[in-house]
**Student:** 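My questions all concern the structure below.
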Amino acid sequence: MAQPKLSDGSVKLFQNSLPEDVGVFDREYTLQFLSIKKVGNNANAPISAPPERYRIIISDGQHYMQAMLATQLNELVQENLITKNTIAVIEKLTCNYVQEKRLVIILALRVLEHTADKIGDPQQIEPADQPIDSPAVVKQAQATSTSGASTPQAAPAIASASRPQAPANNGRQGNIFPIEGLSPYQNGWTIKARVTQKSDIKTWSNARGEGKLFNVTLMDDSGEIRGTGFNLVVDELYPKLEEGKVYFISKARVNLAKKKFSNVNNDYELSFERNTEVEECHETTNLPTIKYNFVPLNALEGLNKDAICDVIGVIKETSPLSEITSTKQNRQILKRDLTLVDKSEFSVRLTLWGKQAEQYNVPESNPIIAFKGVKVGDFGGRSLSMFSSSTMQINPDIEECFSLRGWYDNLGTDQTFKAHSNVGGSTSTFGFNRAEIRSLDEIKQAGYGMPEKPETFSTRATIMHIKNDNISYPACPTPNCNKKVVDVNGSWRCEKCNQSFGAPEHRYIMSMAVADYSGQAWLQGFNDVGTAVFGISANELLEIKAHPAHSIGDDAYQVWYISHPPSELQGRGNGNARFIVFCMG
DNA sequence: CCCCCCCC
């Protein structure tokens, strides 16, 4: 098979790109990974360590340079889906700029193939022609951004001295960082981000004191982050930041996010300080747009309760505004229910709260709305609910919206839709739906160790260890008997069938330790489990082990043993764990 | 430094 051709010259293009090129590397680049290395946590890292990051040396066959993998792609490394010498198509990237250094951040990729060798003889790329802090580049960057004419394919033009001097930019720093690239160890950054959500001003009073605050959700093409301002900063920034507008923001503090309190998909959050700079971006091109990862409505049952997802649908029904009393918070809350439908022929209810419920006012009867970051509930099988950090876009200018509009107007209006349903759902004491993937800790919390009756659940975990001894037993080959047979003078006797056989049928009896992010557990399983895990029957496995040349047999057995279990149990690839019945013990 | 995201 012909080797894929690497994108000649792309490393040089990255290295000579300018901040204004961020977000416009809009073609795909085929590159080879020369090395992948976990970047150690900084010695000053907080104890609640931030997520690990991977540094990748990328090569186009002529040159190589450093890149970072966006943390949402860490799994690719952890599951060995990308390794040294992997050739991949980079579908989306962005770049950090510090003087003559460029740091590519890989945001999306697909693997083409794994090769044994390095392609070509790539050399380290020379420093960029134009360091970012040089006056010429600042001038060039300004000129480019106002004209909106930056082209990633073209080699960057050298700034011409005859260009008019751009206006001063209020101290904004040249290094536009992608939100995904922010961390507590980065200084001197500026983000260019859209405010997708702004809270009301909230006041609090508790044992530690009182005060006021507001928060916003900020978004660019690389990701999103929550920002919060307290007290005096509220007075300064609350009026300045408007929902929907784009800003340059710098000199905010980057803190580790307390995940349990935030629904925004970032491990960090911003704290706006007295010296934080916020400047509205008046550019008309290269502005960040909301990125979605839509889940079709029929697939919601595959998501856990409390999962966060994006959906798009036609609004089939809109309820009037109503008011409920939150018993937990002892206050009245406004709500409005929308019924969404889509091409999967399912409908689902989505609830708006408070201000969003009150202000919902859409002139047409069946608009299409895209929702980002909504919560999955299990009322009526499946339901959806807005967080204050969720966003909705009415008739967004995206392909999925056009396609949905065409479908609905032609076919959808007369369609009947299936509702999610909890009929036949679990009446289990755990309260689990067997389709929902649960973490090991959740299962334990729900009553592991003292079940009143058998419980069914699904989990996704990695096999850490399989007990090596007694992995199978000799069983009666009669269909559905499965009873253990005993060797009587070379003939295998089944007490139940009252019959003897020349050979038994070996059946697995597995005991294995599995782990996920939340904890570990011992699982017991029988023949169907062993077959799924090893991919061969117990007879076949024993044959391998019993190879006449002992060492060969043992080696081959160990190869099966080591290489097969994890991928099987995780059911990687199709998004659904293979359903394997285990007992926890 | 907040931290609720609700009801049926």
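Residue numbering restarts at 1 for every chain, and letters A, B, ... go by the order of the sequence lines.
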**Student:** For the pair A:D221 and A:K291, find out whether any cationic side-chain nitrogen is under 4.0 Å from an anionic carboxylate oxygen.
**Tutor:** yes
**Student:** At 4.0 Å (heavy atoms only), tell me whether A:K335 reaches a base, stays on the sugar-phosphate, or touches nothing.
**Tutor:** base
**Student:** OP1 or OP2 of B:dC2 sitting under 4.0 Å from any side-chain N/O of A:W204?
**Tutor:** yes
**Student:** Scan A:S389 against the nucleic acid and name what it touches under 4.0 Å (heavy atoms): base, sugar-phosphate only, or nothing.
**Tutor:** nothing
**Student:** What is the nucleic acid contact for A:K260, judged by heavy atoms within less than 4.0 Å: base, sugar-phosphate only, or nothing?
**Tutor:** nothing
**Student:** Calculate the interatomic distance between A:L352 atom CG and B:dC5 atom C1'; express it in whole Å.
**Tutor:** 12 Å
**Student:** For A:F387 and B:dC5, are the ring centres under 5.5 Å apart with planes inclined under 30°?
**Tutor:** no
**Student:** For B:dC8, is there a stacking contact with A:F379, counting only centres under 5.5 Å and planes under 30°?
**Tutor:** yes
**Student:** Would you kindly give the CD1-to-C1' distance between A:I201 and B:dC2, to the nearest whole Å?
**Tutor:** 14 Å
**Student:** Just do the side chain to side chain contact (heavy atoms under 4.5 Å, CB included) check on A:L69 and A:V77 with the steps written out, would you?
**Tutor:** CA-CA 9 Å; A:L69 192 65; A:V77 179; 3.6 Å; yes
**Student:** Please report, rounded to the nearest Å, how far the C1' atom of B:dC7 is from the CG atom of A:D337.
**Tutor:** 9 Å
**Student:** What is the nucleic acid contact for A:Q356, judged by heavy atoms within less than 4.0 Å: base, sugar-phosphate only, or nothing?
**Tutor:** nothing
**Student:** Within the structure shown, what part of the strands sits under 4.0 Å from A:N231 by heavy-atom distance: base, sugar-phosphate, or nothing?
**Tutor:** base
**Student:** Does B:dC5 have OP1 or OP2 sitting under 4.0 Å from an N or O in the side chain of A:K328?
**Tutor:** yes
**Student:** Nearest whole Å is fine: how far is B:dC4 P from A:F214 CZ?
**Tutor:** 20 Å
**Student:** Using the side-chain heavy atoms of A:K375, tell me which of these nucleotides is nearest: B:dC6, B:dC3, B:dC5.
**Tutor:** B:dC6
**Student:** Looking at A:K372 and A:E224, does any basic side-chain N land under 4.0 Å from a carboxylate oxygen?
**Tutor:** no
**Student:** For A:R336, which contact category applies under a 4.0 Å heavy-atom criterion: base, sugar-phosphate, or nothing?
**Tutor:** nothing
**Student:** Looking at side-chain heavy atoms only, is the closest gap between A:F294 and A:E400 below 4.5 Å?
**Tutor:** yes
**Student:** Should the pair A:H420 and A:F346 be assigned to parallel (<30°), tilted (30 to 60°) or perpendicular (>60°) ring geometry?
**Tutor:** tilted
**Student:** Distance check needed: B:dC7 C1' versus A:Q329 CD, whole Å only.
**Tutor:** 12 Å
**Student:** Rounded to whole Å, how long is the line connecting atom CE of A:M386 with atom C1' of B:dC4?
**Tutor:** 16 Å
**Student:** Quick one: is A:R208 getting a side-chain N or O under 4.0 Å of the B:dC2 phosphate, OP1 or OP2?
**Tutor:** yes
**Student:** For A:D200 and B:dC4, give me the distance from atom CG to atom C1', rounded to whole Å.
**Tutor:** 13 Å
**Student:** Round to a whole Å and report the spacing from CG of A:N215 to P of B:dC5.
**Tutor:** 14 Å
**Student:** If you compare every side-chain N and O of A:K258 against the phosphate oxygens of B:dC1 (OP1, OP2), does one of them come in below 4.0 Å?
**Tutor:** yes
**Student:** What is the nucleic acid contact for A:T351, judged by heavy atoms within less than 4.0 Å: base, sugar-phosphate only, or nothing?
**Tutor:** base
